[in-house]
There are 2 protein chains.
Amino acid sequence: MKKITGRQQEIVEAALAIISDRGLEALTIKSIAARVGFSDAAVYRHFRSKAQILSTIIDLFARDSARLLREIHGCSCAELEKMRLFFLDRCRVFSADRVLATVMFAENLFQNDPLLAAKVRQVLQGHRRLLLETLRGGQRKKTIRALPAEHLFTMVMGSLRLLVLQWRIGGYGFDLMRGGEKLWLSVETVIKNPNGE
Amino acid sequence: MKKITGRQQEIVEAALAIISDRGLEALTIKSIAARVGFSDAAVYRHFRSKAQILSTIIDLFARDSARLLREIHGCSCAELEKMRLFFLDRCRVFSADRVLATVMFAENLFQNDPLLAAKVRQVLQGHRRLLLETLRGGQRKKTIRALPAEHLFTMVMGSLRLLVLQWRIGGYGFDLMRGGEKLWLSVETVIKNPNGE
DNA sequence: GTTATGTTAGTGAACGTTAACTAACCAGAA
DNA sequence: TTCTGGTTAGTTAACGTTCACTAACATAAC
C-alpha cells in the first residue's frame with residue numbers, strides 16, 4: 001500500500017463522486033479531470049493509468065473491509081452479535097459512502113480487467129471466510145440454527161446485498177441504516193436456534 | 001410484442017452468446033456480426049439500433065417471466081409450494097440459458113439507457129408483487145412465518161440472487177439446479193411457520 | 001424491376017494515452 | 001544578488017483505436 005498525495009486524494013474523490021452520481025460507465029479520464037478542475041492530461045501527472053485509479057479505489061474498499069474483519073474477529077461477543085455487527089457495519093459504511101456500495105456490486109464490471117476483478121473477489125472471499133467461521137462457531141454453541149453454514153451465509157449475505165441494491169435502485173430513497181436494523185431483526189430471528197435457551 | 005424473423009433470431013442468439021461468454025461490455029455490433037458470420041453493417045438490415053437488440057433480449061426475459069408468473073398464480077398448490085416453484089424455476093431457466101442470469105443482474109448495466117432500465121425494473125417488480133402476495137397468503141394460513149413480508153421477500157430473493165451470482169463467478173462450476181434445490185430446503189426451513197402444523 | 005440482403009468504405013464522436021511545451025518554484029554557484 | 005539547472009504541475013494538440021451508425025453499391029429471387 002502506497003502513500004497518497006493530496007492531489008491523488010482529490011482525483012480519487014472526484015472519481016468516487018462520478019461513479020456515485022452517474023455510474024462506472026461515466027468514469028472517464030476527461031470526466032475526472034473536469035471534476036477536479038484541470039485538463040485530462042494533468043491526471044497523468046498523478047496516476048500512470050486509469051486502471052491505477054480504480055485500483056486505488058478498490059484498495060480503499062479493501063482496507064476498510066480488513067479493519068472491520070479484524071475488529072469483529074477480536075470482539076469477545078457472541079456469534080449472533082458478531083453477525084449483527086458485520087451486517088450493520090456494512091450498512092453504515094455504505095450509508096456514509098455510497099460509492100462503496102457501487103464497488104460491492106462491481107464483480108461483473110471489472111471482469112475485463114482480471115487484476116481488478118481478483119482484488120474485488122479477494123475482499124468478498126474475506127467476508128465469506130469470516131462469516132462462515134462465525135456461523136459455525138455459533139452452531140457449536142447451539143445459538144445458531146443447525147443448517148448448512150454455506151446456506152446461512154447465502155441467506156444473510158444475500159439479504160444484505162439485496163437490501164443495498166433496493167436502496168440504490170430506489171435512488172437512496174430510504175435510510176439504509178434503519179432499513180438494515182429492521183431487516184436484521186428478521187434475519188436474526190430466522191437464523192438463531194429456535195430450540196436454544 | 002413484435003414478430004421476429006429468422007435472421008433477427010440468429011442475431012439475438014449471437015448477442016446472447018457473447019454476453020454469456022464475455023459479458024455485456026464485449027457486446028458490440030462488430031462482435032455480433034462476426035459471430036453471425038457477416039459484416040457489421042449487415043446487422044442494421046435487421047435491427048434499427050443496438051438498443052433495439054437489447055430491448056428484444058429483455059422482451060425475451062420478460063415474456064418468459066410472465067409465463068412463469070401466470071403459471072404459479074394459476075397453480076392451486078400451497079403458498080410454500082408456490083415459493084418453491086418460483087425459486088426452482090428461476091434456477092432451471094438460468095441453468096438452461098446462462099445469459100438470462102446476466103440480464104437478471106443488469107439493473108446497473110442498463111442505467112444509461114432509461115428505457116431499457118425501466119423494462120428490467122418492470123420485470124423485477126412483477127416478481128416482487130407475486131412473491132409478496134404469495135407470502136402474505138401463506139401468513140394468513142399460518143404456514144409462513146409472521147415476519148414482515150418485505151423482509152421474507154428480501155431473504156428469499158436475496159438468497160436466490162446470491163446463489164446465482166456465486167454460480168456465475170465460479171465459472172458455472174456447480175449444478176445450479178441441484179444447488180438451488182438444496183438451498184431451498186434451508187430457505188424453506190427458515191421461512192415456514194415453526195408453530196404451524 | 002422491385003425487394004431483400006448482403007458488401008465495402010466511410011462518418012463523427014469518444015476513449016485512454018502521449019508529446020511538446022510553459023509557468024512557477026527552488027536549489028546552489030558566481 | 002543574480003544566474004543556472006532541475007523539478008513539479010499544468011496546458012493544448014494530437015495519436016491510434018474503437019464505437020454505433022450510414023451511404024453507395026452488388027446480387028439474387030420473385
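Numbers restart at 1 for each chain; the letters A, B, ... are given by sequence-line order, proteins then strands.
For B/Gln9, the side chain to side chain contact (heavy atoms under 4.5 Å, CB included) partners are B/Ile4, B/Glu13, not counting sequence neighbours. Taking the side chain to side chain contact (heavy atoms under 4.5 Å, CB included) definition, one finds that B/Arg178 meets it with B/Asp175, sequence neighbours left out. Evaluation of the side chain to side chain contact (heavy atoms under 4.5 Å, CB included) rule for B/Ser186 yields A/Leu147, A/Pro148, A/His151, A/Met155 as partners, not counting sequence neighbours. Every residue two or more places apart in sequence or in another chain that forms a side chain to side chain contact (heavy atoms under 4.5 Å, CB included) with B/Leu124 is listed here: B/Glu107, B/Val120, B/His127.
One interatomic measurement links the two molecules: CD of A/Glu10 to C1' of D/dA9, which rounds to 12 Å at whole-angstrom precision. Straight-line distance from the CD1 atom of A/Ile11 to the C1' atom of D/dA9: 11 Å, rounded to whole Å.
Rounding to the nearest 0.5 Å gives a distance of 7.0 Å between CD of B/Gln52 and OG of B/Ser55.
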Response to the item:
The contact string for nucleotides 12-24 of chain D, one letter per nucleotide 5' to 3', using protein heavy atoms under 4.0 Å with B, S and - for base, sugar-phosphate only and none, comes out as B------SSBBBB
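Taking the ring centre of B/Phe94 as origin, the terminal cationic atom of B/Arg98 falls outside the region bounded by 6.0 Å and 45° from the ring axis.
Partner B/Leu16 forms a side chain to side chain contact (heavy atoms under 4.5 Å, CB included) with one of B/Asp21, B/Leu60, B/Leu27 and no other, that one being B/Leu60.
Along DNA chain C, read 5' to 3', the first and last nucleotides having any atom under 4.0 Å from a heavy atom of chain A are C/dC15 to C/dC21.
Under the 4.0 Å criterion applied to side-chain N and carboxylate O atoms, B/Arg128 and B/Glu150 are assigned as salt-bridge partners.
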